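Here's the structure we're looking at; comments come further down.
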2 protein chains.
Amino acid sequence: MQQADRTLRHLTGYQLRRATSAAMPEVNKVLEEFGLRRSTYSSLVVVVANPGLNQGQLADALAIERPNLVQIVDQLERAKLVRRTKSVEDRRAYALQPTPKGCELEERATRALERLDNLLREGLSEQDKEILHRILQIIERNAETIQERDVAEISTP
Amino acid sequence: MQQADRTLRHLTGYQLRRATSAAMPEVNKVLEEFGLRRSTYSSLVVVVANPGLNQGQLADALAIERPNLVQIVDQLERAKLVRRTKSVEDRRAYALQPTPKGCELEERATRALERLDNLLREGLSEQDKEILHRILQIIERNAETIQERDVAEISTP
DNA sequence: TATTGTTATACTCTATAACTATA
DNA sequence: TATAGTTATAGAGTATAACAATA
């Protein structure tokens, strides 16, 4: 039985899901070598690039819920990659600061992921890569736009 | 703070993840209107397109583990969309058959998802859509190829 | 009254080991 | 012995309600 999912392959959601599901385990494997997971890695990157931001801003940047961020920052702090420092302007908030060790690890992990990226995109032209990046951002924005609308018009034409 | 995740946006895995995470809730909402989830919908589609296939073949087609398929088929059977019929050639296996109700629901759900697809891909040219489909399949195959190799060469250059 | 970080919780998805019945 | 379907289970990821401290 070949291409038993032929019908599904026409749907963008299914295409995205298959490609993402295939790629994520490889991303996970690379990050494991650095003692990181996707959630801790992406948080670390944003803190390194935006030192001093607070947890709410970090959650917004990564589109994750604040409660789920708590344990992620806990892990980064335990690994001495990020520090929670009390914000002086707003004493409710923590200003997140990367440690030197965090900066160094982030750089090495990013380089490894860039090498994986080249393998994932093998066979694609430079133009293909740019088009992919552009299209995925359009789809993401379209999805956010749809979210603000009513789903009824889709399900019942 | 704008584009706090700028560094991450360069990575294909992150691009894929963001687009997929934004799109999946919309897919879920559409399918909920039909009493389906992504897993039950995709299984239903494959059974309708390939009546008589068994659960192992279905699991392979959708790249899901067989144990996880059991409850999915249970749900489809409880909803009278699919029937498990004992295979005559191999009495260990079930031949999965769609019911008329299953065929009808699959068709309506697919039409609704195609309408969602048009919204998700709004602003893309016909060429963009074809390129996206092609690129995502390449990435999926590349990921499967990487999986068969050693990750060490990626993490430690 | 609203917001930041937190706790507790629950639900889905995914993955693996081990069982049964057939082959 | 190997395979098809199953059971049980465990780990992520994700989502919401409610609380304390502060604004």
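Chain identifiers are assigned alphabetically (A, B, ...) following the order of the sequence lines, protein sequences preceding nucleic acid strands; residue numbering begins at 1 within each chain. The figures that follow rest on heavy atoms only: side chains count, while hydrogens, waters and symmetry mates do not. Only a predicted model underlies this, so the values are computations on that prediction, with no experimental measurement involved.
As rounded to whole Å, 15 Å separates atom C1' of dT7(C) from atom CD of Glu65(A). The separation between Leu69(A) atom CG and dT6(C) atom P is 9 Å, rounded to whole Å. Computed from coordinates, the Ile64(B) CD1 to dG5(D) C1' distance equals 14 Å when rounded to whole Å. Rounded to a whole Å, the CD atom of Glu89(A) is 17 Å from the C1' atom of dA21(D). At whole-Å resolution of the value, CD1 in Ile72(B) and P in dT6(D) are 12 Å apart. The CG-P distance, from Leu96(A) to dT4(C), rounds to 13 Å in whole Å. The nearest whole Å value for the distance from the CZ atom in Arg91(B) to the C1' atom in dT20(C) is 14 Å. Here the P atom of nucleotide dA15(D) and the CG atom of Leu62(A) are 13 Å apart, to the nearest Å.
Both Pro25(A) and Val73(A) lie close to DNA chain C; mapped to their nearest nucleotides by heavy-atom distance, the more 5′-ward contact belongs to Val73(A).
If you run side chain to side chain donor-acceptor pair (under 3.5 Å) between Lys129(A) and each of His133(A), Glu126(A), Gln127(A), only Glu126(A) comes through.
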Interface polar pairs with nucleotides 1-4 of chain D, N/O, under 3.5 angstrom:
from   : atom 1 : to       : atom 2 : distance (Å)
dT3(D) : O2     : Arg92(B) : NH1    : 2.4

Would you list the protein and nucleotides 8-13 of chain C atom pairs, both N or O, that sit under 3.5 Å from each other?
from    : atom 1 : to       : atom 2 : distance (Å)
dC13(C) : OP2    : Arg37(B) : NH1    : 3.3

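Between its opening and closing five pairs, the helix from dT1(C)-dA23(D) to dA23(C)-dT1(D) changes axis direction by 10°, a value rounded to 10 degrees.
Val82(A) places none of its side-chain heavy atoms less than 4.5 Å from the side chain of Gln97(A).
By the side-chain contact (heavy atoms from CB on, under 4.5 Å) test, Thr40(A) is found to be paired with Leu36(A), Arg37(A), Ile72(A), Gln75(A), Leu76(A), residues two or more places apart in sequence or in another chain being considered. Residues satisfying the side-chain contact (heavy atoms from CB on, under 4.5 Å) test with Glu77(B), not counting sequence neighbours, are Arg84(B). For Glu89(A), there are no side chain to side chain donor-acceptor pair (under 3.5 Å) partners, not counting sequence neighbours. Residues satisfying the salt bridge (Lys or Arg N to Asp or Glu O under 4.0 Å) criterion with Glu104(B), sequence neighbours excluded, are Arg108(B). By the side chain to side chain donor-acceptor pair (under 3.5 Å) test, Asp117(A) is found to be paired with Thr12(B), residues two or more places apart in sequence or in another chain being considered. Partners of Gln71(A) according to the side-chain contact (heavy atoms from CB on, under 4.5 Å) rule, which considers only residues two or more places apart in sequence or in another chain, do not exist here.
Classification of Lys29(B) and Glu26(B) as a salt-bridged pair holds, one side-chain N sitting under 4.0 Å from a carboxylate O. Ion pairing between a basic and an acidic side chain is recognised when a charged N comes within 4.0 Å of a carboxylate O; Arg134(A) and Glu130(A) show no such pairing.
Side-chain polar atoms of Thr110(A) and Glu114(A) form no donor-acceptor pair below 3.5 angstrom. With no hydrogens or angles considered, no side-chain donor-acceptor pair links Arg121(B) and Asn142(A) at under 3.5 Å.
Residue pairs that meet the salt bridge (Lys or Arg N to Asp or Glu O under 4.0 Å) test with at least one member in residues 3-20 of chain A, sequence neighbours left out, are Asp5(A)-Arg9(A), Asp5(A)-Arg18(A), Arg9(A)-Glu140(B), Arg18(A)-Glu140(B). Applying the salt bridge (Lys or Arg N to Asp or Glu O under 4.0 Å) rule to pairs touching residues 51-72 of chain B yields nothing, sequence neighbours excluded.
For the contact set between residues 78-88 of chain A and DNA chain D, defined by any heavy atom under 4.0 Å, there are no members.
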